[in-house]
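Single-structure report; data block below.
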Amino acid sequence: MMNKNTDFDVVIVGAGMVGATLACGLALKMPQLKIAVVDAFAPKLDWDENSFDIRVSAITRASQKLFRSIGAWENITRQRVSPYRDMFVWDAGGNGELHFDSADMGESDLGHIIENRVIVKALNQRMHDIENITLFCPAQLQKMEFNETQVVLTLSDQSRLTAKLIVGADGTQSWVRGQADIAVKGWDFDQAALVTTVKTEKYHQDTAWQRFLATGPLAFLPLAEGYSSIVWSTSPEEAKRLMLLSAGEFAAELEQAFDCKLGKVESVAERAVFPLRLFETLHYIQPRLALVGDAAHTIHPLAGQGVNLGLADTASLIAVIHSAISARKDIGSVAVLRQYERWRRADNRSMLVAMDGLKRLFGSELVAVKSIRNAGLNMVNQLTPLKNLIMQQAMGTTAID
Ligand SMILES: Cc1cc2nc3c(=O)[nH]c(=O)nc-3n(C[C@H](O)[C@H](O)[C@H](O)COP(=O)(O)OP(=O)(O)OC[C@H]3O[C@@H](n4cnc5c(N)ncnc54)[C@H](O)[C@@H]3O)c2cc1C
């Protein structure tokens with residue numbers, strides 16, 4: 001590490017799906033830029049191919065296009081992806097249902113369910129291939145300081161990285177955000193997501209299924225060979241109880257909660273619980289600093305949009321930096337970074353508010369609310385233009401084109 005050049009144009013903290021995509025996008029579009037990427041952990045690049053990653057993401061068509069543009073999509077598909085062609089949403093508290101079919105949009109699929117480790121591995125290989133990216137992984141961050149022209153980052157081995165701009169892509173607990181003292185505004189959520197992988201008796205039909213229970217949404221996302229990835233959002237206490245059940249007891253409860261839509265749950269892999277948060281930062285930027293992805297905004301996974309919003313952030317930031325460089329402007333100046341903040345805040349805010357509204361609408365046991373949401377679901381299902389608009393939003397085709 002001591003031999004590495006320590007003077008950069010951009011330092012990105014966090015080599016997750018968002019940070020790594022940003023690094024590749026910036027480095028390819030502007031080969032004259034020197035990019036450093038720092039992550040506290042080295043990525044896991046080997047695993048048992050017979051298992052599935054417990055964490056998966058529904059990747060929209062817009063995010064797929066972005067991965068393709070940085071040369072990562074082929075590598076992702078070479079590993080393993082599962083296209084989903086339909087989405088079926090229904091309410092446990094009534095007869096409301098909503099069905100989206102990619103064929104109605106003249107598309108072959110609505111997006112892909114992809115294991116997070118597959119995406120991270122492809123991006124990591126891409127970062128290694130690109131000459132103007134220098135990786136510091138694993139490396140521990142110690143200090144972040146600013147002067148008029150630079151940010152100075154000190155690592156725990158006392159090496160120093162300087163840059164014109166630092167980007168915090170270090171997730172929901174962002175160290176960069178904390179050091180910069182940027183406050184977050186959150187909604188009280190009190191929910192956790194239990195995730196696991198199951199094999200069901202009936203084939204999932206390449207459909208992303210979601211049932212709204214009073215305790216929160218339960219999703220079955222289609223994986224290869226008839227497996228499904230489960231995201232069961234519920235109260236933290238209920239998640240804890242579900243974790244303590246034997247595999248057989250858990251499978252029986254899952255079948256019930258899912259209305260036996262895919263028949264018996266035949267096998268259950270390891271289970272894990274993630275706390276769910278919903279917040280956005282009061283500012284996405286400061287002089288010489290920008291936040292992207294979960295560091296800037298974290299949403300409920302019910303619409304499968306979290307990483308897609310983060311990837312849209314990267315597309316915007318790349319475009320803003322590119323036009324600043326072309327105009328010979330300082331890429332760390334507030335005047336430049338403000339364009340990124342304005343661009344992304346509006347989109348991210350509307351998704352955050354929509355997620356909060358949906359969560360409250362479907363979390364209510366009030367009879368009046370239940371009948372409104374059932375009628376609403378059925379109405380949307382019959383209104384083709386509105387349905388198409390929602391589908392475009394879900395596919396991300398209104399976001400990054
Ligand atoms: C249960 C669940 C299901 C989800 N399903 C979906 C879905 O279907 N579709 C979707 O779009 N989104 C989904 N999401 C959201 C999605 O997972 C996140 O939005 C996404 O992972 C955020 O990516 P990121 O790169 O911003 O942050 P992360 O993935 O959190 O990456 C942050 C990176 O920063 C590094 N880091 C952290 N701290 C430091 C530090 N101090 N120093 C250096 N490096 C550091 C980490 O090691 C990591 O590599 C889901 C979330 C949950 C909880």
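Read the numbers this way: they start at 1 and go in the same order the structure lists the ligands and their atoms.
Not one N or O on the side chain of Lys185 forms a donor-acceptor pair closer than 3.5 Å with the backbone of Leu282.
Remark: distances from the non-hydrogen atoms of Ala169 to ligand 1 include one below 4.0 Å. Put simply, part of Arg55 is less than 4.0 Å from ligand 1, judged by heavy atoms.
Applying the 4.0 Å criterion to heavy atoms of Ser57 picks out, from ligand 1, the atoms 7 (C), 8 (O), 9 (N). Near Val195, meaning under 4.0 Å from one of its heavy atoms, ligand 1 places the atoms 1 (C). Within ligand 1, counting atoms from 1 as listed, the ones closer than 4.0 Å to a heavy atom of Met17 are 21 (O), 25 (O). Contact atoms of ligand 1 toward Val18: 23 (O), 24 (P), 25 (O), 26 (O) (distance under 4.0 Å to a heavy atom of the residue). Distances below 4.0 Å separate heavy atoms of Gly293 from the following atoms of ligand 1: 26 (O). Distances below 4.0 Å separate heavy atoms of Gln305 from the following atoms of ligand 1: 10 (C), 11 (O). Atoms of ligand 1 lying under 4.0 Å from at least one heavy atom of Gly16, given by number and element, are 25 (O), 31 (O), 33 (C), 49 (O).
Using bins of under 30°, 30° to 60° and over 60° for the plane-to-plane angle, the ring pair Trp209/Phe258 lands in the perpendicular bin. Ring geometry for His112 versus Trp73: interplanar angle over 60°, hence perpendicular rather than tilted (30 to 60°). Using a 30° and 60° split on the angle between ring planes, Phe250 and Trp232 fall in the tilted class, from 30° to 60°.
To the nearest 0.5 Å, the span separating CG on Asp53 from CH2 on Trp47 amounts to 7.5 Å.
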>> Please evaluate residues Arg338 and Glu341 with respect to the criterion salt bridge (Lys or Arg N to Asp or Glu O under 4.0 Å), reporting the C-alpha separation (whole Å), side-chain torsions for both, the decisive distance (0.1 Å), and the verdict.
In response: CA-CA 5 Å; Arg338 183 82 68 211; Glu341 182 178 62; 3.1 Å; yes

> Passes salt bridge (Lys or Arg N to Asp or Glu O under 4.0 Å), Asp9 versus Lys164? Steps please.
Replying inline: CA-CA 5 Å; Asp9 294 291; Lys164 297 188 184 79; 2.6 Å; yes

> What's the verdict on salt bridge (Lys or Arg N to Asp or Glu O under 4.0 Å) for Arg177 and Asp170, showing C-alpha distance, side-chain angles and the deciding distance?
Replying inline: CA-CA 9 Å; Arg177 190 182 68 222; Asp170 48 346; over 6 Å; no

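Between Asp347 and the options Arg345, Arg349, Arg344, a side-chain hydrogen bond (donor to acceptor under 3.5 Å, both in side chains) holds for only Arg344.
A donor atom on one side chain and an acceptor atom on the other are not found under 3.5 Å apart for Gln125 and Asp129. Residues Thr298 and Thr172 have side chains that bring a donor and an acceptor to within less than 3.5 angstrom of each other. For Thr60 and Ser63, the side-chain atoms include at least one donor-acceptor pair closer than 3.5 Å. Counting only N and O atoms by type, the side chains of Tyr284 and Asp313 include no donor and acceptor under 3.5 Å apart.
Distances between N or O atoms of Val13 and those of ligand 1 include no value under 3.5 Å. Any N or O atom pair closer than 3.5 Å counts here, and Asp294 shares at least one such pair with ligand 1. An N or O contact shorter than 3.5 Å links Ala58 to ligand 1 by distance. Looking at Leu276 next to ligand 1, no N or O pair under 3.5 Å apart turns up. For ligand 1, the polar-atom distance check against Asn116 finds no nitrogen or oxygen pair separated by under 3.5 Å.
For residues 69-84, the pairs satisfying salt bridge (charged side-chain N to carboxylate O under 4.0 Å, His left out) are Arg80-Glu115, with sequence neighbours left out.
Among all protein heavy atoms, the one lying closest to atom 3 (C) of ligand 1 is Pro301 CB, 3.6 Å. Scanning the protein for heavy atoms near atom 27 (O) of ligand 1, the closest one is Gly171 CA, 3.6 Å. Here the protein heavy atom with the shortest distance to atom 36 (N) of ligand 1 is Asp170 CB, 3.8 Å. Of all protein heavy atoms, the one closest to atom 47 (O) of ligand 1 is Asp39 OD1, 2.7 Å. Of the protein's non-hydrogen atoms, the one nearest atom 42 (N) of ligand 1 is Leu141 CD1, 3.5 Å.
Proximity annotation for atom 5 (N) of ligand 1: of Ile59, Ile299, Val56, Val56 comes nearest, heavy atoms only. Closest heavy-atom approach to atom 10 (C) of ligand 1 among the candidates Thr60, Val307, Thr172: Val307. Residue Ala40 holds the heavy atom nearest to atom 43 (C) of ligand 1 of all those in Gly111, Ala139, Ala40. Heavy-atom proximity to atom 41 (N) of ligand 1, evaluated over Trp175, Phe274, Phe41, is greatest for Trp175.
Here the side chains of Ile114 and Ser57 are not in contact, with every heavy-atom distance at 4.5 Å or above.
Residue-level proximity to ligand 1 for Asn308 is carried by backbone and side chain together, each with a heavy atom below 4.0 angstrom.
Atom 29 (O) of ligand 1 is never approached by the protein to below 4.0 angstrom, counting heavy atoms only.
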